[in-house]
Number of protein chains: 2
Amino acid sequence: MAATRRPTLADVAREVGVSAKTVSRVLNEDGPSSPETRQRVLAAVAKLGFQPNLMARNIRVGGPDTTIGLIVPDMGNPFFGTVAGGVEDTVRDRGLTLLVGSSSDDPERERALIQTFLARRVSMLMVVPAVGSDHAYLKTQRAAGLPLVFLDRPGAGLSADCVVSSNRAGSQEGVTHLVARGHRRIGFVGDLPTRLYTRRERLAGYRAALEDAGIAYDRSLVTGAHDQRTAAEVTTRLLALPDPPTALYAANNIMALGVVAELARTGRKDVALVTFDDLPLAEILEPALTVVAQNPAELGHAAATTALARLDGDRTRARTVTVPTTLIARGSGELPPRDRPSAQVPAPARRG
Amino acid sequence: MAATRRPTLADVAREVGVSAKTVSRVLNEDGPSSPETRQRVLAAVAKLGFQPNLMARNIRVGGPDTTIGLIVPDMGNPFFGTVAGGVEDTVRDRGLTLLVGSSSDDPERERALIQTFLARRVSMLMVVPAVGSDHAYLKTQRAAGLPLVFLDRPGAGLSADCVVSSNRAGSQEGVTHLVARGHRRIGFVGDLPTRLYTRRERLAGYRAALEDAGIAYDRSLVTGAHDQRTAAEVTTRLLALPDPPTALYAANNIMALGVVAELARTGRKDVALVTFDDLPLAEILEPALTVVAQNPAELGHAAATTALARLDGDRTRARTVTVPTTLIARGSGELPPRDRPSAQVPAPARRG
DNA sequence: GTGAAAGCGCTAACAC
DNA sequence: GTGTTAGCGCTTTCAC
């Protein structure tokens, strides 16, 4: 069965005995058409199984395609999946279709995806920037009016709209929650080394909370990991310190999994814990997990709303939208420090 | 700043002082070109920031676009996110771009998405069919050679390639695990009422396991729920039966969350549990959760491989690929039935 | 090695 | 109410 040619407007027109333009008029409800031709055209369309070629249409009409390009680090991460869902829900009514790619947080892959999307003349571009990528090369597109929104993290090299969570304030709130329960040695388990915006912000929130409480920053309590396994490892390392933390703060959902798993594995129920990002089973852990929850669907929604406004001609200055986080106190942050004076009195230094 | 027109091939040609065709030749490495013109063309491309219009190219070349249409029920569900990732990883090398849409399991939405994708002349279509959707209308496209793969569940109304998990065998293995520990009353918590393929299969596996063990099927032990909350509710209802189950089997990840949460909330550590689908924290629950794990990335990979083979001219009969599941015994399935004779002896009926 | 002309499927602009 | 012509940005075909 050879791949038969798809029918075209001309085929339909021939079938009905009218001009191509008439068929086009009927299908797009553009200009007038007699009820009778209308019927016959629609019948022929159904008979031939004609489907207008959107690309051909687009090329003639000019302007951007009715697609939107979205780049995330990893679609399997429910955080980004939910972000994508938020975007789609918001643009659906406008008849826009989602073009999605994962960068795996690799700047080169991100750039290749952006090039592909630009070649497809997407109507807007929404990017979760990979660590270390520079977007200066997009200046021309921006100037030409392409809506560009950075998601979750700001882009580098040009000013553009940006939608992020309240990483710093949320982090500060979470750590303050621990400080208020008397903890003075609070371990930080964060993601990739430096450079990544969200880590910087969340670390800054951690430091701000300590500073507010008059607690000196101790570099040895701040650790970095890349995945659940390494997060578990640094948890062990932190708790083995001569003067170990009495509470931990995990800076994202992957780190949270690692810390939670490690505390469970070693049966440590005496360490208070707050995590950034909610987990599906947070409520049923013992103790139930206290988290600073993000709102990924709203992140996607806000990004789409911003981009749509640009598409509709909004030429005001680039703005940053901050989507608030929510502290959900469930119990794991309530533990007081053990074997230590509570509240503001510094713990005696125990070395060796 | 008015939206300036994007530069075209003709613009580049004018800049260099050659014909459009020469520029096209250079960029596509089609036909010969002198090193010198080559340089000048590339310089002009860079200077003008020219990006070939992929849609225009496609329209001229004919044939399908280099996109692939993927429809899932919900992108926020990590299962489908991971499936999408598996697809993308597999098609990336072929230069294909992913067009993604969520159907929310609504047949009308699914159909609208498919129409849009067809209008975009996708090179292949991969669909997780919504409950109750009929795909007979795609026969023409299939006949015309469009690769079509149903994912996770078979489609209805036409024969097409299909990639599914070993739902029945996996389910049977999970329930047999419980039977082998002496359970004879095993509650089933499944998803949407009837009609959904995966539920049918998983229920069939449950029944097969019982039958193998000579246990009569008890309709009152089989319950349906739609989300985590209702799964928790039916768990309660099951355990409140006059002759309650001593073990539970949850037929997907959402059900699993509901059952696990409810058992934890009520402190029931005496009920054995096996779930279909793994959970991120399964290992650290108490007892650790025994699961029948699916392999969503492999599902996406297999679907993409199949579709690519079709694209490359494979015209053999439609096939169904079954991706094996894996029983991961972690502990929650090890509990013997309490207050009951073990193994093959039937429990005394306790009524009222 | 390069160019001119035609045409992919569709619609804008103008006829009538 | 309908048809004609031209042209979107690109590539194919054929000529030089």
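These numbers come from the heavy atoms of this one structure, side chains and all, not from hydrogens, waters or symmetry mates. Chain identifiers are assigned alphabetically (A, B, ...) following the order of the sequence lines, protein sequences preceding nucleic acid strands; residue numbering begins at 1 within each chain.
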Set out, in order, the CA-CA distance, both residues' side-chain angles and the distance that settles side chain to side chain contact (heavy atoms under 4.5 Å, CB included) for M126(A) and F117(A), then state yes or no.
CA-CA 11 Å; M126(A) 308 190 16; F117(A) 289 169; over 6 Å; no
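The CG-C1' distance, from L54(B) to dT11(D), rounds to 13 Å in whole Å. Residue M55(A) contributes atom CE, which lies 12 Å from atom C1' of dC10(D) at whole-angstrom precision. Here the P atom of nucleotide dC10(C) and the CG atom of D65(B) are 15 Å apart, to the nearest Å. Atoms CZ (R38(A)) and P (dT2(D)) sit 12 Å apart, rounded to a whole Å. Look at CG on L27(B): it is 13 Å from C1' on dG9(D), rounded to the nearest Å. Look at NZ on K21(B): it is 16 Å from P on dG7(C), rounded to the nearest Å. Atom CG of D11(B) is separated from atom C1' of dC8(D) by 13 Å (rounded to the nearest Å). When the C1' atom of dT5(D) is taken as reference, atom CZ of R60(A) falls 11 Å away, rounded to whole Å.
Counting only heavy atoms from C-beta on, I59(A) has its side chain closest to dG9(D) among dG3(D), dT11(D), dG9(D). The side chain of P32(B) sits closest to dT2(C) out of dG9(C), dT2(C), dT2(D). Proximity note for T37(B) (side chain, C-beta onward) versus dC10(D), dT11(D), dT2(C): the nearest is dT2(C).
A 6.0 Å sphere centred on CD of E108(A) holds no more than 12 heavy atoms belonging to other residues, nucleotides or ligands.
Considering only heavy atoms from C-beta on, V323(B) stays 4.5 Å or farther from V164(B) through its side chain.
OP1 or OP2 of dT2(C) has not a single side-chain nitrogen or oxygen of S19(B) nearer than 4.0 Å. Phosphate contact (OP1/OP2 of dG1(D), side-chain N/O of S34(A), threshold under 4.0 Å): absent. Phosphate proximity of dT11(C) to S24(A): present, with a side-chain N or O under 4.0 Å from OP1 or OP2.
Contact check on D105(B) versus R153(B) returns a salt bridge, with a Lys/Arg side-chain nitrogen under 4.0 Å from an Asp/Glu carboxylate oxygen.
Where G31(B) and T8(A) meet DNA chain C, the nucleotide closest to each residue was compared, and G31(B) sits on the side nearer the 5' end. The residue among R25(A) and L9(A) whose nearest nucleotide of DNA chain C lies closer to the 5′ end is L9(A).
Between V128(A) and the options L151(A), V83(A), L70(A), a side-chain contact (heavy atoms from CB on, under 4.5 Å) holds for only L151(A).
Among the heavy atoms of the strands, none lies under 4.0 Å from N58(A).
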